[in-house]
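Scroll down for the structure; my scribbles are underneath it.
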Amino acid sequence: MPKHITSQVNNLIEMPKQHDVLFDLWDALPNGIYIVDKNFNIQFVNTVIKSFFGPVDDKKCYQYFHERTERCPWCKNKEVFSGQSVHWEWYSEKNDTYFELFDMPIKNPDGTISKFEMFTDISELKRSEKREKEGRKKLDLVIKNTGVGIWDWNVQTGKVSFNERWANIIGYTLEEISPVSIETWLKYSHPEDLKESDRLLQENWAGKSEYYIFESRMKHKQGHWVWVYDTGQVVEWESPGVPKRMLGTHLDITEEKENQIKLEHQKENLLVTLQSIGDGVITTDIDAKIVLINKITEQLTGWSHQEAVGRPIQEVFNIINEQTGKPCKNPVEKVLTTGQIVTLANHTALIAKDGTQYIIEDSGAPIFDSDSKIIGTVLVYRDVTEERRTKAELMKVKKLESVGVLAGGIAHDFNNILAAILGNIELAEIYTEPTSQAYPLLKDAKKASLRAKDLTQQLLTFAKGGDPVKQTASIGKIITDSANFVLHGSSVLCDYQIPDDLWQGDVDSGQISQVIQNIVINGRDAMPEGGVIEVTCKNVADISKENISLPAQRYIKITIEDTGSGIPEKYLDKIFDPYFSTKQKGSGLGLSICHSIISKHDGNISVESEANIGTKFTIYLPATLEKGQDTSSYQPQIAEAEQKATIMIMDDESMIRDMVKRMLSRAGHEVLQAENGHVAIELYNEYHKNNRAIDIIIMDLTIPGGMGGKDAVGEILKINPDAKVVVASGYSNDPTMAHYQDYGFKASIAKPFQLAELNKLINEVLG
């Protein structure tokens, strides 16, 4: 208690006439007041004291306050009666109350000394301090043990402290680096990132954002730069706009950024591929505005890529009828309206920027997203001015082949990219707690990657064929998905008669889908006013009863019947011939491709038709009683392998090699890497000479500019005829993938693959 207050209290007590007034005053105070003599006799307690402890009833102070039978060990009487003032705190268990106490000696009118004590209830303050202390303790525990780098910046003192993970991200121990001044901390930041970081920080302090997020670079102890995902938030304010303390996190995203950079390089390479194609290529968005043109388009139209991007397609791709000179309807509009592949009418001329005319042939196709929604179009066209009449059919075939090569090349490149993306996403899921905010983002990214995988499979199906890559699949689902897709938006419907117990088949789903789509499109075109296509499926256990020549086994019978204009009888024998078509705009390849696909599946396709009544196609496909494996909802996990193996990964893409190595190493396998066939052969030979086994080799089928798996496997088998070699490729429709045994491989796996597929393959090959 301050000295001047102590003096005033003593003065009042020494004035006998003031006693009653003083006691009344103390009784009205919000603080507790009591007076005790040196023999522990209570001389006075005010109303506040009584409200806590009740009436005195001639009790000693230790009896009254502490319910003790003798003097309290912590009693301050000795200090007070020796002339000292004491300030201390006391917790009353009886009242569950914290008190702040001021004790001092006072002189009574008769000259004796008593102890004067003032009580102040500080329970709420103490509990608040306790909660803050416990909260700080918990926070410190989280900061210390979390797998994320955490920084704690005291803005007022300018000191920044970190947890151990933060220090480790840039190569330091916690003792080496924490805490530091803000000036030192900024030295670890990349100079190019400081301006943007400061802008985001100022916006946060001004209340324009609840927190800030920033991808920045931090300097590693060894001198290189580490990419981090930086988040920060003010947790204590000195006053509005003036932060007192900030907390934030750093997540090491170096690997992801490096993969992103590699992906950008892949995109650049893809653009180079498009630019090198001999046909003109134009892509647009759904508003028919140009997104990309290649060099051939630049040469033919006179527009540069920079000039063309963002312009309406009609401005750059200006076409007219060569014979009438009238403008032609742009094919992009029809593609966006119908969602179908279209071709230009005969005698179409392209008018260049300088007025030059080119007779062109063209095809336009929709670009779909993973939800089968049109997001743009692609036009592929060529100049046929000099060979318009004599080579029209030949050019049509070459055009289709060109688009097929483009589709296959794009699909292969994207499958390589997707292999790294999908694999790393699944690995990230394993290392991420389901409660983390990043976990649902990874799940969404995985779903998008799997949809992209389906898209590339469609491109491969469109590309020039090859033997089917068969897998057990639901024929009924392939039929309904394919037919619904091509009939979307038309006036024709399908009536399905598909039993629930329909057998499955070992088929190439993409190729069978192409067959169904071609037949359904023919039925749709035969009913321009609308109608119903009847699709019926049934199991055939005894093929001998079907009046058809096929080997004795189980089959799935599919009939697709329309009520359209029909096919004249004189054309029925030619319907599956290449280049035969009754349509003015037909290529004559659709049904011949269907016949080829069904034949390669060891099945049969036939047609019946009557003019003005309709057409019925009948297809037989071999059935299987095995069930296909669905890995679409597979939750990735890499358990420790029961059988440890030494596995070599041969791939020219380092990000794929590294991703697969992380998968297999996590399971306990030893993983070796080779960038091409020559390196793989040398490494295998070295191990074999030293009696060290390489249990499995997973080889990429094609290595640009180097030896691929197709050639390397023969050399490996010369070293060890029992070697177990698996072929992998983004070209899932390559004949080698379908008939891998003929080339010496033990199995095949298509890129991109999921952890489930890789684990299953390894277990099967190891036996």
Which label fits [X] and [Y]: parallel for a plane angle under 30°, tilted from 30 to 60°, or perpendicular past 60°?
X      : Y      : value
Phe65  : Phe119 : parallel
Phe52  : Phe99  : perpendicular
His190 : Trp225 : tilted

Under the salt bridge (Lys or Arg N to Asp or Glu O under 4.0 Å) definition, can you give me all pairs with a residue in residues 209-218, not counting sequence neighbours? Glu192-Arg217, Asp193-Arg217, Glu215-Lys257

According to side-chain contact (heavy atoms from CB on, under 4.5 Å), who are the partners of [X], at least two apart in sequence or on a separate chain?
X      : answer
Leu672 : Thr646, Met648, Glu670, Leu683, Tyr687, Ile694
Val309 : His305
Thr231 : Ile213, Tyr229, Thr249
Asp198 : Gln202

Contacts of type salt bridge (Lys or Arg N to Asp or Glu O under 4.0 Å), residue [X], not counting sequence neighbours:
X      : result
Lys221 : Glu176
Glu256 : none
Glu100 : none
Asp287 : none

Are any of the side-chain nitrogens in Glu196 or Arg199 under 4.0 Å away from the carboxylate oxygens of its partner?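 Arg199 and Glu196: salt-bridged.
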
Under the ring-ring contact (aromatic ring centres under 6.0 Å, His included) test, residues paired with Trp303 that sit two or more places apart: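 So Trp303 forms no ring-ring contact (aromatic ring centres under 6.0 Å, His included) with any residue.
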
Can you name the side-chain hydrogen bond (donor to acceptor under 3.5 Å, both in side chains) partners of Glu238, sequence neighbours left out? Gln156

Please list, chain by chain and in numerical order, all residues satisfying side-chain hydrogen bond (donor to acceptor under 3.5 Å, both in side chains) with Asn690, sequence neighbours excluded. none

Does Thr97 offer a backbone N or O that forms a donor-acceptor pair with the side chain of Ser123 under 3.5 Å?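 Pair absent, no side-chain N/O of Ser123 close to backbone of Thr97.
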
Has Lys94 got more than 12 heavy atoms of other residues, nucleotides or ligands less than 6.0 Å from its NZ?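 Above 12, so yes.
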
